[in-house]
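Just so it is clear: chains get the letters A, B, ... in the order the sequence lines come, proteins before strands, and each one is counted from 1.
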Amino acid sequence: MSGLKKLLSIAAAAALGVSMAAVNVSALEAYEPYSYDRWGDAVPSQAGYTAEYIVDGNTIGCGAFSEPSDIYFSHDHKFYIADSKNNRIVVTDVDFNLVGIIDELEYDGKKEKLKAPAGVYVDQYTKAVYICDTENERVIKCDENGKIDRFFEKPSSELFSEELTFNPKKVITDKAGNVYVVVQSVTKGAVMYDSKGEFLGYYGANRVEATSKVLWNAFWNTISTEEQRARSVKSTPTGFTSFDIDDEGFIYTVTASREVKTDAVKKLNPKGANILETLGATETTYGDNPPAYYSLYSKESQLTDIDIGPNGEINILDFVHGRVFQYDKLANLMFIMGGQGEQLGTFRSAQALETYDNKIYVIDALKNNITVFRRTAFGEIVTKATNLYNEGFYEESYEPWKDVLKYDGNYRRAYIGIGNALFQREDYKNAMKYYKVAISRKRYNKAYEGYRNLFLKKYFSAIVVFIVVIIVFVIVYKRLKATGRLGKKRRRRL
Amino acid sequence: MLDLTKGQFLKHVIFHPFEGFEDLRWKKGGSGRIAFGIVCLLFFQQLAWDRLYGFQYYVAYDKLFNIVPYLFKSFVLFFTFVVANWAMCTLFDGEGSLKNIYINTAYALVPYITGYLIGTFLSHFLVQDEYIFIEACEIIGTAWTVVLFISGIKAVHQFTIWKTLWLLLLTLVAMVAILFLLVLLLTLFQQVLIFVLSLYTEITYRFRV
C-alpha cells in the first residue's frame, strides 16, 4: 500500500504545483489553457502559446480585409494572404509590411482577374505562386508580379464527373512539380496534376468510416438486385478540407467533418497511405474530446486547416471551437490555444493557420484579421524537451522535462519523458514511479520487468538456498513421518 | 465414515466434485455461515479483480468509484440465482430447500474465487508476457466451479444431468424476470416517494401563506 501512498503524495504535490504556478501565467489568456490527461479528461494546463497581437488590412496598409480565407508563409519569408471577397492576394514581409498586392494578372498579354481566391501557395523550388481562383473554377500558376504561366482547370477526363463543379480551395506542390488541389466537391482525394497541367488522378482519399449505417447498407447490397443497388445511397468518404506538405515531402491532410472521425488527420506517404498510424498514433483523437470541457456548449470539433511547424509539429485549426491544437510529430498533444469569442486570442470564424519559427498565425474571416500567437517560456521548454525526446535523446531530455513539471504538474508527457530517462539509466524503480503517475501501462511493464530481473540477479543465490532448504525440510519431515518416529513422539506427548 | 466438521466438509466437497455434494446432502454437513462467508469473499474478489489488479495489466479509472456494481455482481446476482432456482426447481419436483441450494451454490463458487484471487495476486509479480499463467489460474478456477456448480445443483434436487441443465436455463429466465420486476418496483417506489415529497412541499407552501 505504500505505493499508493506515494502516488497520492505525488499527485497532491503535482496539484499544489499547478495551483501555485497557474497564478502567474494563465491569467494573461482570454481563455483557460487546458490539456487532456490519459483518460481523455480535460485538465488545467499552462499556456504554451500566448496571443500577442492582431494584424488587419489597415495596419498592413492595403485596406481592410474582407473574408480572408488563407494565409501562406513562403520559404523566402513572405506572407501571402488570400483576401477572398476583395479578390486579391496580399503579400507582406515577416513583420506585416506590405510588399505587394496580386489582383490584376496577365496571361498572353490579356488581363485576368481573380474571383474569390480561397487558397494560395508558393513553390519553394521554383518560387511560382499558385492561387486557387475559386469562382473562376481554376488554379493559377503565376510569378509574384502576376504574370500567369499556366492554368489548371477542370479535368476533361472520364475519371472526373462532368456534373461536378470545380471549386478549388487549397493547393500545394511537391518536389517533382506535381500540383495537388483540394476541390470541395471532390471526395476521392486531392486532384493531382503534373507540372504541365495534365490531370494525373486523385491522391490520398479518405476511407469510409464503418458506422452502423454503412454496415447496414453493405448488408443490403449483398442481397439486393442490381437495380436496387443503383438506386440506393452510396457510402462515400468525406473529402478532406485542407492539407500541407512538409520539407521531407510528406503531405498532411485534415478532414472537417463532425460525424466522421476516421482519417481526420493523416500523414501521407507518396503512395497515399497514412503513416501516422504506423508511427503508433492510432489512439489519438484530434481536436477536442466530446464533450469539450471549458466550453459552455458541447460540440464536435471540425478541423479546417493543418500546418506543419519547423520541428514537424502538427498544428490543427478547429473551426467550431476556434482552437489551435498543436501536436508533436508523433501526434502527441502538446498545447491547445484559442477559443470562441471577441477577445485577443479568440476567434469567430477561424479559417487558416500558418507557422513560422515560434509563432502561429491564425486568420479570421469574420473579424477580418490575423492573430499572432507567440510561444511562451513554458512552450519553449516543452518544445525543447519534446524534440530531444522524439529524436531519442532521453537522457538529455531529463532536465527539460523536470523544468516542465515545475510549470505544470499535469503535463503527462513530462512524466513519461523523465521515466524514459530513468529507464535508460537502469533506475527502474524510479522509472516505475514516474510511469505510474503518467498511467503508462506498457512502459511500466517494461520498467517492472527490468526491476524484477535486477532483483532476481541480486538475490539469486539467496533464493536458491531458501528453496533448497525448504525442499530438504519437506523431505526430512516426510521421512520422519513415514518411519513413524514423528507420529510416535506426538502420540506419546498426547 | 465421513465424520467431518463443517469446515472439513467444505474441503471434501471441493475436492470430490461428483460424490461430495451427495455426501453433504446425506450428512447435512453444510453451513450457512460458511456459505455467507464465501459470498462475502466473492464480493471482495470482484472488487479486487477490478481495483487491485497489477498496474502493468489494468488501470482502473480511479477518479470515480461506485460500490453498487460490485454489490450487484456478487450479492444481488447470487441471491437472485438462489431464489430463482428454488422457485423453478420446486415446480419441477426438485428436492432442494432454499437453504441447501444456497449452501451448495456458495460452496461451488470457491474455486472460481480462489482462481481469480490468485490471478489478481500474481498480476503484481508477473509481466505482460507472462499473462498466460494468470489466465490459466482464472480458467481452471472457472471450469472447476462450473463442474461443482452443476454437480451441486444436481445433488441438491436429485435430478438427472439433463434435467439439471434444462432447469439451469429456466433459472436464468426466472432471474431475468426477477431482476426486471425489481427494477420496476424500485422505479415505482421512486415515483411514490417523489409524489409524497411534492405533496409535502405543496402543503408546507399552503401553510406559509
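- The shortest distance between side-chain heavy atoms of B:Val59 and A:Tyr444 does not fall below 4.5 Å.
- Here the shortest heavy-atom pairing between B:Tyr61 and A:Asp41 reads OH-OD2, 2.5 Å.
- Residues A:Asn445 and B:Phe55 have side chains not in contact (no heavy-atom distance under 4.5 Å, counting atoms from C-beta outward).
- Heavy-atom pairs under 4.5 Å with chain B were tallied for A:Arg443, A:Arg38, A:Arg452, A:Glu449; the largest tally goes to A:Arg452.
- Counted within 6.0 Å of CZ on B:Phe44, heavy atoms from surrounding residues, nucleotides or ligands total 12 or fewer; the atom is thus considered open.
- Within 6.0 Å of NZ on B:Lys63 lie more than 12 heavy atoms contributed by other residues, nucleotides or ligands.
- Residues passing the side chain to side chain donor-acceptor pair (under 3.5 Å) test with B:Tyr53, sequence neighbours excluded: B:Glu138.
- Heavy-atom neighbours of A:Phe466 CZ from other residues, nucleotides or ligands within 6.0 Å: at or below the threshold of 12.
- The environment of CZ in B:Phe79 is crowded: more than 12 heavy-atom neighbours from other residues, nucleotides or ligands sit within 6.0 Å.
- In this structure, the portion of B:Tyr58 lying under 4.5 Å from any heavy atom of chain A is its backbone and not its side chain.
- Sparse packing is recorded around CD1 of B:Ile132, with 12 or fewer heavy atoms of other residues, nucleotides or ligands lying under 6.0 Å away.
- Around CH2 of B:Trp166, the count of heavy atoms belonging to other residues, nucleotides or ligands within 6.0 Å does not exceed 12.
- When every heavy atom of B:Gln128 is checked against every heavy atom of A:Arg441, the shortest pair comes out as NE2-O, 4.1 Å.
- Of the atoms belonging to A:Asp37, it is side-chain heavy atoms, and not backbone ones, that fall under 4.5 Å from chain B.
- Salt bridge status for B:Asp129 with A:Lys446: absent, with no side-chain N to carboxylate O gap under 4.0 Å.
- Taken from CH2 in A:Trp39 to CG in B:Asp62, the straight-line distance is 6.5 Å, to the nearest 0.5 Å.
- Between A:Tyr448 and B:Phe125 the shortest heavy-atom distance is OH-CA, 3.2 Å.
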